[in-house]
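Report on the following structure.
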Amino acid sequence: MLVMRPAQMADLSEVQRLAADSPVGVTSLPDDAGRLRDKIAASDASLAAEVSFNGEESYFFVLEDSDSGHLLGCSGIVASAGYSEPFYSFRNETFVHNSRELKIHNKIHVLSLCHDLTGNSLLTSFYVEQALVGSVWSELNSRARLLFVANHPERFADAVVVEIVGHSDDHGDSPFWDAVGRNFFDMTYAEAERLCGLKSRTFLAELMPHYPIYVPLLPDAAQEAMGQVHPRAQVTFDILMREGFETDHYIDIFDGGPTLHARTSGIRSIAQSRVVPVRLGEPTKGGRPYMVSNGLLQDFRAIVADLDWVPGKPVILSLEAAEALGVGEGASVRLVAV
Amino acid sequence: MIVRPARTADLPALIDLARTTGAGLTTLPANEERLAHRVDWAEKTFTGEAERADADYLFVLENDAGLVVGISAVAGAVGLREPWYNYRLGLTVSASQELNIHRQIPTLFLANDLTGNSELCSLFLRSDHRTGLNGRLLSKARLLFIAEFRELFGDKVIAEMRGMSDDQGRSPFWESLGRHFFKMEFSQADYLTGVGNKAFIAELMPKFPLYTCFLSEDARNIIGRVHPDTEPALTMLKGEGFSYQGYVDIFDAGPAIEAETAKIRAVRDSQALVLAIGTPGDDATTYLIHNRRREDCRITVGAARLAAGTLVVDPLTAKRLRLSVGDQVRAVPLSARG
């Protein structure tokens, strides 16, 4: 059975294997043991801490095959984007340049470097093995985080954002980077992203242009790349769009990928999930897949199970599912349809 | 040849001239009504009826047969009625010692910095008269006039030099920048500014600073460079003390050169003298000579020699100035080295 749970230090080598395979733009998953160790330690500390409002915490989960002990995916949440260093985005803006006399009415699209999304909670570090893309496990790998947020709202902000890796070609070159960032750094997109992972994005962001950029001046390829999703990131993009995230307002300052955002309370897995009491038994056949989480912190677990649940009634879990979640008869779980 | 104020009677000749200037000379549009208005203002200016903000000292170059073959002008002040725009070419540095990055990005800042200065403008000499001293007389006569009537002009004098364009009149700078915002041809924008329709500039121009890395290479290369036809004019004004301080035209990026009025050679070195008629002799110098009148201003060039506070000229030069022995003149050697 595949179980989503907080990462532990013992997972380090497995996590690094996942990180090594993740696309170059996922800078929250650097292929660097030191940084990954810090990430797991930070998550451990955050889960252990008493928290009454979102601050510097970060949470990091892994998707484990409980039979083999292998990890098949991971994902994370940063409680507050830009808590310890500025969080940069490009905001899409429109200016109207209008001349009544000449009857010219131009809508001019401008990108402005901003910190608007500072303080929002940030979904990060999403990775699933290729074989799981499109499966319910891929959903679990992303949305288990949202069930965690639903259970611990005091630990998160009122809004959640996520940066989706943008378009880059087979050689790892990003047209948006080549047209914008490269002018200010004189390094390739891959080099820049590698540096971001090793140092920090802020480190580079501080060198980015602080005056707004007039989009009509950018080459067509760069304009087309704005808001485009990297094929490998399509899975996480699709999942989150179904969750009610919105796009179009912000893009990534490096590769032009979309930055999604949503009100926390309006996210589907949060708004539509329910907390129900558990009964142990043999689930009836013909159910549908649900994501089920135990609502705990350090012992947080989430699984996918076929259930024939009727709203307002307790949920009947198999012994195996209950064991995976670490819950018994009479406990409560949070569930939402996959 | 003499330079004198333009009069209403010159109008047909001026219209003929304007038709042959082509794009790039915004202050001499081939529009009969506008030209008539302009000459009317020029007459008022020379009689002292115009405030400095509106003053338009429009001169013509007339040959000894009374034919008008060129024009030049000085505006008392720019930008006091409508905003006067230039780009200031500045620099943005993107640098990090730790990342071994040092990028210099020339950046254009929209500015009204040159507001209130006097402006040399509208220089045009018929192509079949671009010989001998005609060009220098036509251009430098203005400087001698400024020297005589210093109080009518600003502390700085500027001159906008025509920028680079190709054989079809296409400006690479316009194609890379202005076109995106104005959605019209360079020649049309140029014409509209020439006929005084300047409000549209403010309405349609990009207001934020522009990183030149977002312009085409052709456009970047010609910022601050003059059209080959304008090179001689640039060289001449540099000889008078004008220099390029980073201000360029917002349409074609031609340089706006400037000089402190008091330090212009013709202003600094010219002197008031008494006219003597005789034989300038073998050691004579070519002088630029003004009859010290405003409304009846006449300026010419001629061989002359200084002798005990008098300027000795030949009878033809005196006749061109319509002066007699003992009359006052202001004179300066036509060129720095005589």
Side-chain angles (χ1 to χ4, degrees), chain A residues 90-91 93-114 176-188 191-196 198-223 253, chain B residues 82 87-88 90-110 172-185 188-189 191-193 195-220 250:
Chain A
F90 273 139
R91 185 174 56 230
E93 295 180 343
T94 302
F95 286 86
V96 172
H97 290 190
N98 184 62
S99 169
R100 275 193 201 87
E101 201 168 344
L102 301 181
K103 295 192 173 60
I104 292 178
H105 185 88
N106 292 342
K107 273 189 182 167
I108 304 287
H109 184 180
V110 166
L111 297 176
S112 288
L113 201 62
C114 74
F176 187 80
W177 171 264
D178 286 344
V180 179
R182 189 158 197 162
N183 292 302
F184 297 84
F185 297 94
D186 197 22
M187 60 176 78
T188 65
E191 282 168 348
E193 289 291 7
R194 193 181 58 81
L195 272 175
C196 284
L198 294 180
K199 295 187 177 293
S200 78
R201 285 174 67 81
T202 312
F203 202 73
L204 287 180
E206 280 162 1
L207 300 179
M208 285 295 272
H210 281 249
Y211 297 122
I213 293 171
Y214 287 99
V215 173
L217 300 183
L218 299 180
D220 290 347
Q223 292 190 35
I253 61 171
Chain B
E82 284 173 314
Y87 280 126
R88 180 175 60 78
L91 196 60
T92 301
V93 173
S94 173
S96 161
Q97 283 197 344
E98 196 173 346
L99 297 180
N100 194 27
I101 290 172
H102 184 95
R103 299 286 283 169
Q104 299 195 350
I105 297 128
T107 306
L108 295 168
F109 297 85
L110 193 63
F173 187 77
W174 173 265
E175 294 302 319
S176 183
L177 178 61
R179 174 172 292 288
H180 296 295
F181 295 90
F182 290 88
K183 309 260 165 88
M184 61 177 82
E185 295 299 322
Q188 194 195 349
Y191 176 80
L192 286 167
T193 35
V195 298
N197 192 341
K198 288 184 179 145
F200 80 99
I201 298 177
E203 289 162 351
L204 299 179
M205 279 302 283
K207 308 292 186 302
F208 300 119
L210 294 160
Y211 299 106
T212 56
C213 56
F214 297 132
L215 301 179
S216 71
E217 194 180 345
D218 282 351
R220 288 200 300 272
I250 57 172

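Computed from a predicted model, the values in this text were never measured in an experiment.
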| said: Restricting to side-chain contact (heavy atoms from CB on, under 4.5 Å), what partner residues turn up for Arg103(B), sequence neighbours left out? | reply: Asp186(A), Ser94(B), Ile101(B), Ile105(B)
| message | Once rounded to the nearest 0.5 Å, what's the spacing between atom OG of Ser112(A) and atom CD1 of Ile253(A)? | response | 13.0 Å
| note | Under 4.5 Å to a heavy atom of chain A? For Ser176(B) that would be backbone
| field | Under 4.5 Å from a heavy atom of chain B, the part of Ile108(A) involved | value | side chain
| Side chain, backbone, both or neither: which part of Leu177(B) has a heavy atom under 4.5 Å from chain A? | both
| said: With heavy-atom distances below 4.5 Å as the criterion, would you say the side chains of Glu93(A) and Leu111(A) are in contact? | reply: no
| CG-OH distance between Leu110(B) and Tyr87(B), expressed to the nearest 0.5 angstrom | 5.5 Å
| query | Counting heavy-atom pairs under 4.5 Å to chain A, which of Leu99(B), Thr92(B), Val93(B) comes out on top? | reply | Leu99(B)
| message | Could you check whether Phe95(A) and Tyr214(A) have their ring centres less than 6.0 Å apart? | response | no
| query | Which bit of Gln104(B) is near chain A, if near means a heavy-atom gap under 4.5 Å: side chain, backbone, both or neither? | reply | neither
| query | Heavy atoms, side chains only, cut-off 4.5 Å: are Phe90(A) and Leu113(A) in contact? | reply | yes
| field | Nearest-0.5 Å distance that lies between atom OH in Tyr211(B) and atom CZ in Arg220(B) | value | 15.0 Å
| Of the backbone (N, CA, C, O) and the side chain (C-beta and beyond), which part of Phe208(B) lies under 4.5 Å from a heavy atom of chain A, both, or neither? | both
| query | Quick one: does Thr212(B)'s side chain have a donor or acceptor within less than 3.5 Å of a partner on Leu215(B)'s backbone? | reply | no
| task | Let me know if Leu218(A) has heavy atoms under 4.5 Å from chain B in its side chain, its backbone, both or neither. | result | side chain
| remark: So, the part of Met187(A) with a heavy atom under 4.5 Å from chain B: the answer is side chain
| request: Go through the atoms of Met205(B) and report whether side chain, backbone, both or neither lie under 4.5 Å from a heavy atom of chain A. | output: backbone
| chain A heavy atoms under 4.5 Å from Phe182(B): which part of the residue, side chain, backbone, both or neither? | backbone
| task | Counting only heavy atoms closer than 4.5 Å, note whether Ala179(A) contacts chain B via side chain, backbone, both or neither. | result | backbone
| said: Given heavy-atom pairs under 4.5 angstrom as the criterion, report whether the side chain, backbone, both or neither of Asn183(A) touches chain B. | reply: both
